[in-house]
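Below: the structure, in structure tokens.
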Amino acid sequence: MRAQILQDFNSFGFQYDLLDWYYENKRNLPWRESQDPYKVWVSEIMLQQTKVDTVIPYFERFLTKFPTVYDLAKADEQDVLKTWEGLGYYSRARNLQSAVKEVVEKYGGKIPDTPDELGSLKGVGPYTKGAILSIAYNQPEPAVDGNVMRVFSRVLKIEEDIAKAKTKKTFESVVREVISKEDPSSFNQAIMDLGATICTPTSPACLLCPVQEYCRAFAEGVQEDLPIKTKAKKQKKKSYAVLMIKDEAGRYIIEKRPDNGLLANLWQFPMIPLDEVTVDHVSDWLYKEYGLSVKLGEKLGDISHVFSHLKWELVVYAAVTSDAKSEDERLKFVDKQEVEEYPFPVSHQKMMKYL
DNA sequence: AACCCGGGGTC
DNA sequence: GACCCAGGGTT
């Protein structure tokens, strides 16, 4: 079945030309300055669903703040989230720290180099496991991500839907056969560089491609039609009133989000779901939920924020309270300067201009 | 297998 | 807007 796909495919020629190109053209990236498994790990987590250019400054800051597994293991989670602020998918940061703690406690600080041990760490799935084993430990393991599926769907003209889990397994077995056994680290990184710079999603630069002669899609002129991927559904809309509540001492009220689900453990200005109450009952809702007495002020603005699976429509209001504290554990009264010490989602950073 | 989980860049 | 990105966890 799988052998069929690779029938008449010149794996050795492909490897040679790909690696030859990579050694001459590889990108200089901060996590490529060594093969330190910790740096490779951090970079791979940050790069999940995130472009290289976005990651670079975060990676530099993160490594400065948490240079070793020991530094990250002992860090305060809020501090870790603050360093991750703006990067998105915040569970990545929490899972990473949790896994690093396990590495320190269970493996004496040495990052495992076996598929089973590595794959059992929180946040380390099939892709990241393969990436660390190949890039840091030179093992011929597949690391199949979007780039790999795009490149090989074209080179081998694979027309299965890459959104399906089964298709990903097909690519894993393909890579397992095609990967260079001499330099698997460079091979996997070469495919990623190729996918990012030449074999791009739209208008690939086939005329510059080092493996053009091996590409079945190019031979037939169908490279733009691959990979085949079913479309994502569009976002559900949710509306909230957001209150910038000021107390009589001039402090603002912020709220810690729950420790699971969307934007877990990040902070925000209190939000009132407008599918539950209308704007004129916002302070009633707030009193019921938090025991807080608030007087609604003027409207400050509208903010729209798109996530991968939902869309927030936020209406921001000023508000005042004569309460000076709250029994509710979630709430905190902080002055304007202090707000900056807490990790906020980007949607709420957009309202800081109203402070 | 389907859904949840961010944010930014591009066309 | 729609799509993409060095995916993983949960149900």
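All chains are named by letter (A, B, ...) in the order of the sequence lines, taking the proteins before the strands, and each is independently numbered beginning at 1.
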Arg150(A) backbone acceptor or donor facing Ser153(A) side chain under 3.5 Å: yes
Sequence-distant partners of Ala319(A), side-chain contact (heavy atoms from CB on, under 4.5 Å), two or more places apart: Leu243(A), Ile245(A), Val294(A)
Spacing of Leu81(A) atom CG relative to dG6(B) atom P, expressed in whole Å: 11 Å
Output field: ring centroids Phe333(A)/Tyr252(A) closer than 6.0 Å: no
Spacing of the P atoms in dG6(B) and dT11(C) (rounded, Å): 15 Å
Interatomic distance where CD1 belongs to Ile228(A) and P belongs to dC3(C) [whole Å]: 15 Å
Distance test, side-chain N/O of Lys234(A) to OP1/OP2 of dC3(C), below 4.0 Å: no
Listed pairs, N/O of protein and of nucleotides 1-4 of chain B, under 3.5 Å:
| residue | atom | partner | partner atom | Å |
| --- | --- | --- | --- | --- |
| dC3(B) | OP1 | Lys233(A) | NZ | 3.1 |

Euclidean distance, atom CD1 of residue Ile56(A) to atom P of dC5(C) [Å, nearest integer]: 18 Å
Output field: ring centroids Phe269(A)/Phe344(A) closer than 6.0 Å: yes
For DNA chain C, the residues among residues 130-156 of chain A that have a non-hydrogen atom under 4.0 Å from it: Asp145(A), Gly146(A), Asn147(A), Arg150(A)
Counterpart residues, side chain to side chain donor-acceptor pair (under 3.5 Å), relative to Gln48(A) (two or more places apart): Thr128(A)
Which residues share a side-chain contact (heavy atoms from CB on, under 4.5 Å) with Glu182(A), sequence neighbours left out: Gln15(A), Ser180(A)
Nearest-Å distance once atom P is located in both dC5(B) and dA6(C): 23 Å
Residues that Glu220(A) engages under side-chain contact (heavy atoms from CB on, under 4.5 Å), provided they are two or more places apart: Lys157(A), Val222(A)
Donor-acceptor pair present, Arg92(A) side chain and dA6(C) base, under 3.5 Å: no
For Asn188(A) against Ser134(A), the heavy-atom pair lying closest together: ND2-OG, 2.9 Å
Dump the pairs, protein N or O against N or O of nucleotides 9-11 of chain C, anything under 3.5 Å, distances to one decimal.
| residue | atom | partner | partner atom | Å |
| --- | --- | --- | --- | --- |
| dG9(C) | OP1 | Gly123(A) | N | 2.6 |

Separation of atom CZ in Phe171(A) from atom C1' in dA6(C), rounded to whole Å: 16 Å
Short side-chain N/O contact from Thr128(A) to OP1 or OP2 of dA6(C), under 4.0 Å: no
Arg251(A): salt bridge (charged side-chain N to carboxylate O under 4.0 Å, His left out) partners, not counting sequence neighbours: Asp247(A)
Atom OH of Tyr287(A) with >12 non-hydrogen neighbours under 6.0 angstrom: no
Between C1' of dC5(B) and CG of Leu310(A), the distance in whole Å: 9 Å
Touch class at under 4.0 angstrom, heavy-atom based, for Lys311(A) against every strand present: sugar-phosphate
Scan nucleotides 7-10 of chain B against the protein and return all N/O pairs shorter than 3.5 Å with their distances rounded to 0.1 Å.
| residue | atom | partner | partner atom | Å |
| --- | --- | --- | --- | --- |
| dG7(B) | OP1 | Tyr90(A) | OH | 2.8 |
| dG7(B) | OP1 | Val346(A) | N | 3.1 |
| dG7(B) | OP2 | His305(A) | NE2 | 2.9 |
| dG7(B) | O3' | Gly86(A) | O | 3.4 |
| dG7(B) | N2 | Gln49(A) | O | 3.4 |

Residues which pass side-chain contact (heavy atoms from CB on, under 4.5 Å) with Tyr89(A), listed by chain and number, not counting sequence neighbours: Gln49(A), Arg92(A), Ser308(A)
Whole-Å distance separating the CG atom of Asn265(A) from the P atom of dC5(B): 14 Å
Output field: ring centroids Phe66(A)/Phe62(A) closer than 6.0 Å: yes
Nucleotide dG6(B), atom C1' - distance to NZ of Lys238(A) in whole Å: 16 Å
In one Ile/Leu/Val/Met/Phe/Trp/Tyr side-chain cluster, 4.5 Å: Met46(A), Val124(A): yes
Ring pair (Phe, Tyr, Trp, His ring centres under 6.0 Å) partners for Trp21(A), two or more places apart: none
Ring geometry between Trp312(A) and His348(A) (parallel below 30°, tilted from 30 to 60°, perpendicular above 60°): perpendicular
Hphob cluster co-occupancy, Ile228(A) + Val151(A), side-chain heavy atoms under 4.5 angstrom: no
For atom CG of Leu47(A) and atom P of dG8(C), their distance in whole Å: 12 Å
Whether Thr167(A) side chain and Ala163(A) backbone form a donor-acceptor pair below 3.5 Å: no
Selection: residues 29-44 of chain A, any non-hydrogen atom under 4.0 Å of DNA chain C: Leu29(A), Trp31(A), Arg32(A), Glu44(A)
